[in-house]
Amino acid sequence: MLIKCYGAAPQGIDAVIVSIEVHAVPGFEFTLVGLPDNAVKESHERIVAALTVNGYSKPRHTLTINMAPADIKKEGAAYDLPLAIGMLAAEEEVNTQGLEQYLIMGELSLDGSLQPIQGILPMALAARKAGFKGIILPAQNAREAAVVQQIEVYGLANIQEVIRFLNGTQVFEPVHVDTDAEFRMHAFSTDLDFSDVRGQENVRRAMEVAAAGGHNMLMVGPPGAGKSMMAKRLPSILPPLTLEEALETTKIYSVAGMMSRRKENNGMASALIVQRPFRSPHHTVTDVALVGGGSNPQPGEISLAHNGVLFLDELPEYKRTALEVLRQPLEDRRICITRAKHNVEYPAGFMLVAAMNPCPCGHYGENNSAHPCTCTPAQIHRYMSRISGPLLDRIDIQCDIQPVPYTLLKDEQPSESSAAIRERVMRARAIQQLRFAEYNQTATTPIHCNAQMTPKLVRIYCPLDTQGDKLLAYSMEKLGLSARAYDRILKVARTIADLAESKTIAASHLMEAISYRNLDRSDWLG
């Protein structure tokens, strides 16, 4: 007897359908082939224990199970349930009629209950694409999979329920999630708002420009000036995620196994990520944790921040190697992880926002005689040298931030709200979407904001008049800027012009963009 059922194997943020073929002949042996790892091989013991506890006898046949395609590594305990169902079908305990219409995945406990697994959303998308009628999975993963429309999602609690469902002895209702309602409920909700910020008008303006164009940003200032506070509020002025962006971001969190841990206000597992991510890894983070990888490659912080913000506080305290691995993802908006047996690619289209002190003691350049800087020029130079020039080149906006005076701190009048700033940001983004609409129709990597423009597009959409050309030429020579910095100044100037709803880049727009290259000044070394 030959039985077929189906599962799926995650591949990056996508999934591949896995056919599980069970061949039964008289005897008492068990063979599992198809490139399973040790966790999959151990499934036989978990399955036998779970079936015995639930009143089913051990298999009475020699079973040969093939997991195809054989060239894809099958990892983890998520294949317990389809393997168990295949074995029961071979023993004629499960009705095989209609079995091939469902994708089945889940980890089995020894008592037969189903445990949540990783990567459900990509699996559900793969199942719909492959034409399956439905997907059977642990109840904890049901809402995550139900985001995918046009496929029935059944979240069940244990193997007994799965058997009764497949045998038709009990009816279960598929799980439904209203994705539109999810968006309406959570897209604009945030606990942090720029109305809490006092003063810092220059930094607020820089953040508005960064949000409008998707530019990377570095804030330099003494301790307690508000760098972290303002960075945490940046997502509140970014445009809301589109459905396509939300699905892509949710797929990353699903593969990382983080969706079942995300709870909504009602205590239920989150079905969809509808707010832009904000990731803030500690400066002790390893290279692999930052960019992704491992023996079984997983998304790193740069991928978890995809379509959102990656905040690096105390930037010079990060390991030099960890910072240098950011250079390629900042340019390509993706990270390719290559290992001996794996080659996966994860998206990494994030906004880098960093903060640092101006010197080791933190008070260089501070307008406060009570805290004079005690660092020598050599110490400041060593401190600043922890950040390489190539990485600084990739940071479009570099701005000073000074402590807020007491008179502003005690002011009870709220500052401009995030909603008001976001309104201007969204208008600027709408201009950019129209600008790149024709390009995106044929582009393999679509462009959503000015920061993502290629050098060719910079030449097309960022022309300068004679006055602007002379101004930029002088600044390039005076500051010794690189060709990459030249492009990034033009991109920021284009964003400033978009915020002003100007079709051309004026000299004032260019001057503001140049003013955001603070770390290119020589006076940082004292």
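The first residue in the sequence is number 1, and the count goes up from there.
In terms of the side-chain hydrogen bond (donor to acceptor under 3.5 Å, both in side chains) criterion, His448 has no residue partners (sequence neighbours excluded). Partners of Thr321 under the side-chain hydrogen bond (donor to acceptor under 3.5 Å, both in side chains) rule, at least two apart in sequence or in another chain, are Asp287.
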Distance-only check: which donor-acceptor pairs under 3.5 Å involve side-chain atoms of residues 302-315, not counting sequence neighbours?
residue	atom	partner	partner atom	Å
Ser303	OG	Pro347	O	3.0
His306	ND1	Gly349	N	2.8
His306	NE2	Glu248	OE1	3.0
Asn307	ND2	Glu245	O	3.4
Asn307	ND2	Thr249	OG1	3.1
Asp313	OD2	Ser228	OG	2.8

Which pairs of donor and acceptor atoms, one on a side chain in residues 118-126, lie under 3.5 Å apart (sequence neighbours left out)?
none

Using a 3.5 Å cut-off and no angle test, enumerate the donor-acceptor pairs between side-chain atoms of residues 231-240 and protein atoms at least two apart in sequence or in another chain.
residue	atom	partner	partner atom	Å
Arg233	NE	Asp193	O	2.9
Arg233	NH1	Met229	O	3.0
Arg233	NH2	Asp196	OD2	3.3
Ser236	OG	Arg233	O	2.5
Ser236	OG	Ser418	OG	2.7

Show every donor-acceptor pair shorter than 3.5 Å between a side-chain atom in residues 203-216 and any protein atom, with sequence neighbours excluded, or say none if there are none.
residue	atom	partner	partner atom	Å
Arg204	NH1	Phe194	O	3.0
Arg204	NH2	Glu416	O	3.1
Arg205	NE	Glu512	OE2	2.8
Arg205	NH2	Glu512	OE1	3.3
Glu208	OE1	Arg424	NH2	2.9
Glu208	OE2	Arg424	NE	2.8
His215	ND1	Asp396	OD2	2.8
His215	NE2	Thr495	OG1	2.7
Asn216	OD1	Leu352	N	3.0
Asn216	ND2	Arg394	O	2.9

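Of all the heavy atoms in Pro281 and Glu301, the pair that sits closest is CB-CG, 3.9 Å.
Counting heavy-atom neighbours within 6.0 Å of Met511 CE, excluding the residue itself, gives a total of 12 or less. Within a 6.0 Å radius of CD in Glu331, more than 12 heavy atoms belonging to other residues, nucleotides or ligands are found.
We find that Asp498 and Arg427 are not joined by a salt bridge, their nearest charged nitrogen and carboxylate oxygen being 4.0 Å or further apart.
Contact annotation: the side chain of Arg279 never approaches that of Phe350 to less than 4.5 Å [non-hydrogen atoms, C-beta and beyond]. At a threshold of 4.5 Å between non-hydrogen side-chain atoms, the residues Leu272 and Tyr253 do not count as touching. You'll find the side chain of Ile252 stays beyond 4.5 Å of the side chain of Val255, heavy atoms only. Side-chain contact between Ile117 and Leu137 is absent, with no heavy atoms from C-beta onward closer than 4.5 Å. Glu324 has its side chain within reach of Ser388: a pair of non-hydrogen atoms, C-beta onward, lies under 4.5 Å apart.
Checked against Arg382 for a side chain to side chain contact (heavy atoms under 4.5 Å, CB included), the options Met384, Arg386, Gln379 give a single hit: Gln379.
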